[in-house]
2 protein chains.
Amino acid sequence: MESKKITIKDIAKVANVSHPTVSMALNNRPGVGEKKRQEIVHIAKQLGYQPNLVAKALVSNRSYTLGLIINNISDQFYTDLAKGVEKAADESGYNIILCTTNDSLNSQKKYLDILQSRGVDGIIISTVSARDPHINFLVKEQFPFVCINRVSLDRSLDNKIDYVILDNYSAGYKGIEHLWKLGHDRIAVITGSLDASNAIASLKGTKDFLLDLQIKMDPKLLREGNYSRKTAYNAAKQLVKLKKPPTAIFAQDDNMALGVREALLDLDLRIPEDIALIGIDNIEMGTLTGIDLTTISQEKYEMGYLGAKILIKTIEKKVPAMVEKIVLAANLIVRKSCGYSQCGYKR
Amino acid sequence: MESKKITIKDIAKVANVSHPTVSMALNNRPGVGEKKRQEIVHIAKQLGYQPNLVAKALVSNRSYTLGLIINNISDQFYTDLAKGVEKAADESGYNIILCTTNDSLNSQKKYLDILQSRGVDGIIISTVSARDPHINFLVKEQFPFVCINRVSLDRSLDNKIDYVILDNYSAGYKGIEHLWKLGHDRIAVITGSLDASNAIASLKGTKDFLLDLQIKMDPKLLREGNYSRKTAYNAAKQLVKLKKPPTAIFAQDDNMALGVREALLDLDLRIPEDIALIGIDNIEMGTLTGIDLTTISQEKYEMGYLGAKILIKTIEKKVPAMVEKIVLAANLIVRKSCGYSQCGYKR
DNA sequence: CTGAAAGCGCTTACAG
DNA sequence: CTGAAAGCGCTTACAG
């Protein structure tokens, strides 16, 4: 298929040395004179030599390749995160094998196996479930990997896995706090998939706020979503039909908030006049004029970037293998969907 | 680092056969009895054998890996396309190495080299420039690759490169046609980067429409953009300040249309009452209620999917090496940003 | 400072 | 139907 590629043996022949000498010269290892090295480098360039990274990977057990597992490449949340991973990888000379699971644990398991078979040096996984059965073996094998976005809640794994997550707890807390201060008493909450640690944490933050103020929440106002726009859309339509409908909705992710938004607008309800709306994540769509979604900002890019950095550090063992746990800040971003600028806080 | 992996030699030892026999058994090749094969397969499973795909790739010169080169992973246009690629790759058992160039030709060249070094079986490239200097060598080496989204306009490459593109010409034609029929005479056009074939084609479609009707375009109303929201934002602000400002703006990509939209809204201009706005691509953001961007729909997902399919077919040579050229349809999607529902066509 | 040997994990071709 | 040999392109020891 391809015209035959130049190998170090071809270079060796021209340079009149053995091929291991070529290897050492090209890799700047000691054991070959400076003059000869330059000559070899020159010949390599002239012949248009490109190292065969597959062979290199086989012999060195280092591929300079990282696996990245995300849920959905159409979801801005995951692409922001992927962008950070890409950046960190690029800075250190790694390439990314991208795997998307589309919410399937089976698919995740499949990719975990494939990535190992492909000899990646490490894996960045953003999709683990709270009781994920598939990462134990990575821990046992001491295969380098880092969890971002979601972590396992399995106690036996405590202190064994590097992670970088967002402060979902604070996000859940701050979101409901904002709505409550604006005077809302009937606040509906649409959570993420409750088998994911981030959704669990957000909900806990929300509940703790209510607990702190000794407020009881109407269970009818609590809905489990799955971070998809569609389910949030449907949930919102149901919430509005309640005998005592909510005056505010806290969708615990901007994608869901946008789904809620569509539902409310379809029903000719005004945001925030009829129903206030807040999300979490601060994705780009929410920033558009006319959307103006109030939300809790999360450092998605940084999460990907730091996750990859930590993984690379682990792989390159520049540092004693200390487990790193990082939680990135969550901050309220006030736009127009809650009505703060019109009314201000009432309590 | 990892606990030692099981290899075919380990299996061979247990099964009391030679390791090539194990290889043949596991790969369902003739030359090993059915009973023995099943025994070997069983042992492999028990030992938790995972083939080393790196070694396999080295010896077979087939990695079941594809390189995908896109501009920007934060851009919905490219992620839609990547989603199609992913799907096709997954269906045929390939994985994707993702490379993002961020509009840099140097970066593109770098990734082209790296991908070959990494032994990918083929490359899907969505970022070639009209006079791209870096793909000739792929053609010369007969390295399998397919252009999507953009093609080279170099005549010497005609009929040598598979491609799947969108019908940008029609998009450019239909966009201005819609505005013209609505009664607009001063229509501004913000093009994509004019070193890219898709931008060139869109602009040609637009110009041809005007030519067909023998309409002269005020050159002040033509702006070169670069598919980024920011430049379009700035261009729009300038256009509006013109002595004779346009009554409609045709941004030849939805990202730019959204930039224009922000600019107009910042200036308290209404869309479409004060200025009509149309884009190209039909990205998701334009579909949100309140954005309601009229646009020309492009089959981005299909483009990625078909591109990858064609590439895989080429790689697997299931078909005589006929060059495939596919142009996907462009259709007008009427929403609210041009005012059609209020006024209808005037001519 | 240099060369020849061995090996990474696999597959292909060639004897028995 | 099975085994032993050779080799993919590279690197890492180990002699001289």
Side-chain angles (χ1 to χ4, degrees), chain A residues 1-41 43-44 47-65 113-114 116-121, chain B residues 1-41 43-44 47-65 113-114 116-121:
Chain A
M1 178 153 310
E2 305 154 53
S3 56
K4 50 204 163 262
K5 279 279 175 189
I6 304 296
T7 72
I8 54 172
K9 286 185 185 168
D10 299 316
I11 299 171
K13 220 168 282 172
V14 177
N16 249 316
V17 295
S18 70
H19 72 269
T21 301
V22 174
S23 168
M24 316 200 88
L26 262 25
N27 290 306
N28 279 314
R29 292 214 187 289
V32 41
E34 193 46 35
K35 225 180 0 188
K36 198 137 242 175
R37 156 169 293 137
Q38 290 188 357
E39 191 192 327
I40 290 172
V41 168
I43 293 171
L47 295 178
Y49 171 70
Q50 298 278 53
N52 182 324
L53 265 25
V54 175
K56 245 177 158 150
L58 179 60
V59 64
S60 66
N61 215 21
R62 291 278 277 106
S63 64
Y64 285 90
T65 285
D113 286 344
I114 287 180
Q116 282 198 297
S117 280
R118 288 210 177 281
V120 299
D121 297 330
Chain B
M1 179 154 307
E2 305 153 53
S3 54
K4 49 205 162 264
K5 279 278 173 189
I6 305 295
T7 72
I8 54 172
K9 286 186 186 167
D10 300 317
I11 299 171
K13 219 168 282 172
V14 178
N16 250 315
V17 295
S18 71
H19 72 270
T21 301
V22 174
S23 169
M24 315 199 90
L26 261 26
N27 290 306
N28 279 313
R29 292 213 188 289
V32 40
E34 193 46 34
K35 222 177 9 184
K36 198 138 242 177
R37 157 169 293 134
Q38 289 187 358
E39 190 192 327
I40 291 172
V41 168
I43 293 171
L47 295 178
Y49 172 70
Q50 298 278 52
N52 181 323
L53 265 26
V54 175
K56 247 178 156 144
L58 180 60
V59 65
S60 65
N61 215 23
R62 291 279 277 106
S63 64
Y64 284 90
T65 284
D113 287 344
I114 288 179
Q116 282 198 297
S117 279
R118 289 210 176 281
V120 298
D121 297 329

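What you see is a predicted model, and the numbers here were worked out from it, not measured in a lab. Just so it is clear: chains get the letters A, B, ... in the order the sequence lines come, proteins before strands, and each one is counted from 1.
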Let me know the distance between [atom1] of [X] and [atom2] of [N], rounded to the nearest Å.
{"X": "A:Ile8", "N": "C:dA4", "atom1": "CD1", "atom2": "P", "result": "14 Å"}
{"X": "A:Met24", "N": "D:dG9", "atom1": "CE", "atom2": "C1'", "result": "16 Å"}
{"X": "A:Asn61", "N": "D:dT12", "atom1": "CG", "atom2": "C1'", "result": "14 Å"}
{"X": "B:Gln50", "N": "C:dC10", "atom1": "CD", "atom2": "P", "result": "11 Å"}
{"X": "B:Asn28", "N": "C:dT12", "atom1": "CG", "atom2": "C1'", "result": "17 Å"}
{"X": "B:Ile6", "N": "C:dC8", "atom1": "CD1", "atom2": "C1'", "result": "16 Å"}
{"X": "B:Arg29", "N": "C:dC10", "atom1": "CZ", "atom2": "P", "result": "14 Å"}
{"X": "B:Ile40", "N": "D:dC1", "atom1": "CD1", "atom2": "C1'", "result": "12 Å"}

Using a 4.0 Å heavy-atom cut-off across all strands, classify [X] as base, sugar-phosphate, or nothing.
{"X": "B:Pro51", "result": "sugar-phosphate"}
{"X": "B:Val54", "result": "nothing"}
{"X": "A:Thr7", "result": "sugar-phosphate"}

Is the phosphate of [N], meaning OP1 or OP2, less than 4.0 Å from a side-chain N or O of [X]?
{"X": "B:Tyr49", "N": "C:dC10", "value": "yes"}
{"X": "B:Arg37", "N": "D:dC1", "value": "no"}
{"X": "A:Ser23", "N": "D:dT11", "value": "yes"}
{"X": "A:Asn27", "N": "D:dT11", "value": "yes"}
{"X": "A:Thr21", "N": "C:dG3", "value": "yes"}
{"X": "B:Lys9", "N": "C:dC10", "value": "no"}
{"X": "B:Lys36", "N": "D:dC1", "value": "no"}

N-O pairing of A:Arg37 and A:Glu34 below 4.0 Å: yes

Residue [X], side-chain heavy atoms: nucleotide from [options] that is nearest:
{"X": "B:Val17", "options": "C:dG7, D:dA6, D:dG3", "answer": "D:dG3"}
{"X": "A:Pro20", "options": "C:dC10, C:dA5, D:dA5", "answer": "C:dA5"}
{"X": "A:Ala55", "options": "C:dG9, D:dC10, C:dT11", "answer": "D:dC10"}

Looking at D:dG3, which nucleotide sits across from it as a Watson-Crick or G-U wobble partner, both distances under 3.5 angstrom, or is there none? C:dC14

Using the side chain to side chain contact (heavy atoms under 4.5 Å, CB included) rule, pick out the option among B:Val22, B:Ile40, B:Ile43, B:Ile6 that qualifies with B:Tyr49. B:Ile6

Return the 5'-most residue of the pair B:Asn16, A:Leu53 with respect to DNA chain D, ranking by each residue's nearest nucleotide. B:Asn16

B:Leu58 or B:Pro30: which one's nearest nucleotide on DNA chain D is closer to the 5' end? B:Pro30

For [X] and [Y], indicate whether the former's side chain and the latter's backbone hold a donor-acceptor pair under 3.5 Å.
{"X": "A:Ser117", "Y": "B:Gln50", "result": "no"}
{"X": "A:Thr21", "Y": "A:Val17", "result": "no"}
{"X": "A:Asn27", "Y": "A:Arg29", "result": "no"}

Mind listing the closest non-hydrogen atom pair of B:Ala12 and B:Ser18 along with its distance? CB-C, 3.8 Å

